[in-house]
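Everything on this sheet refers to the single structure shown next.
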Amino acid sequence: MVSEMRQTFHRNARADSGQGFTLIELLVVLSIVALLLSISVPKYFHSLDYSKEVILKENLRVVRKTIDQYYSDTGHYPDDLDELVDKKYLRALPVDPITNSAATWVLIAPEDVKLGKLFDLHSGASGATHDGIAFGQL
């Protein structure tokens with residue numbers, strides 16, 4: 001009878017030990033997860049900022065090229081960005097990814113006002129790129 005009780009005790013002890021984690025094991029796992037997050041999250045946010053800069057530069061390049069095409073076709077510059085959309089040079093107004101708005105572009109007029117009102121454009125966002133160049137200087 002005593003040997004049966006011992007066997008039952010050992011069987012139950014083995015079954016209990018495999019059913020969960022100890023507090024120390026959970027703390028070790030949580031500290032490893034916290035360490036990995038503290039390394040990866042700042043890199044993630046940096047990559048988001050860098051991708052916005054790349055999108056801004058590409059939007060500026062495309063719109064400037066479109067303004068030049070418009071000038072080649074018509075002999076004058078457009079009066080605003082909506083004119084490029086109305087005449088199907090652009091499908092939609094580009095959005096400034098830094099300000100998340102299509103209304104913050106700074107429009108630059110040509111030196112000869114008779115040629116139109118939109119010669120160039122810059123971002124209206126404050127701040128600078130990771131290279132230190134102001135967004136308005138791009």
Distance-only donor-acceptor check, side chains Tyr70 and Glu83, under 3.5 Å: yes

Same cluster (ILVMFWY, side-chain, under 4.5 Å), Leu48 and Leu37: yes

Indicate, with yes or no, if Leu115 and Ile108 share a hydrophobic cluster defined by side-chain heavy-atom contacts under 4.5 Å among Ile, Leu, Val, Met, Phe, Trp and Tyr. no

So if you build clusters from Ile, Leu, Val, Met, Phe, Trp, Tyr with side-chain heavy-atom gaps below 4.5 Å, do Ile55 and Leu93 land together? no

Contact summary for Pro97 and Lys52, nearest pair of heavy atoms: CG-O, 3.4 Å

For Ala109 and Phe119 the tightest heavy-atom approach is C-CB, 3.7 Å

Check for a donor-acceptor pair, side chain of Glu25 on one end and backbone N or O of Thr22 on the other, with a separation under 3.5 Å. yes

Linking I/L/V/M/F/W/Y whenever their side-chain heavy atoms sit closer than 4.5 Å, directly or via other members, would Phe135 and Phe45 fall into one cluster? no

Under 4.5 Å between any side-chain heavy atoms of Arg91 and Val85, yes or no? no

Leu121 vs Val106, test: side-chain contact (heavy atoms from CB on, under 4.5 Å). Steps then yes/no. CA-CA 5 Å; Leu121 77 158; Val106 177; over 6 Å; no

Nearest 0.5 Å, please: how far is OG in Ser31 from CG in Leu26? 10.5 Å

State, to 0.1 Å, how close Pro94 and Ala102 come at their nearest heavy-atom pair, and which atoms those are. O-CB, 3.4 Å

Looking only at heavy atoms, which two atoms of Ala125 and Ile98 are closest? And how far apart? CB-CG2, 3.5 Å

Return the set of residues passing side chain to side chain contact (heavy atoms under 4.5 Å, CB included) with Arg61 (not counting sequence neighbours), or none when no residue passes. Glu58, Lys65

When you measure from the side chain of Gln69 to the backbone of Tyr89, do you find a donor-acceptor pair of N or O atoms at a distance under 3.5 Å? no

Taking side chain to side chain donor-acceptor pair (under 3.5 Å) as the cut-off, I'd like each qualifying pair that reaches into residues 113-124, sequence neighbours left out, listed once. Arg64-Asp120, Arg64-His122, Asp96-Ser123

Does Leu118 reach the side chain of Leu107, with side-chain heavy atoms less than 4.5 Å apart? yes

Indicate yes or no for a side-chain donor-acceptor contact from Trp105 to the backbone of Val95 under 3.5 Å, with no hydrogens or angles considered. no

So, Tyr71 versus His76, ring centres under 6.0 angstrom or not? no

To check you understand the geometry: which heavy-atom pair defines the closest contact between Pro78 and Leu84, and what is its length? CG-CD2, 3.9 Å

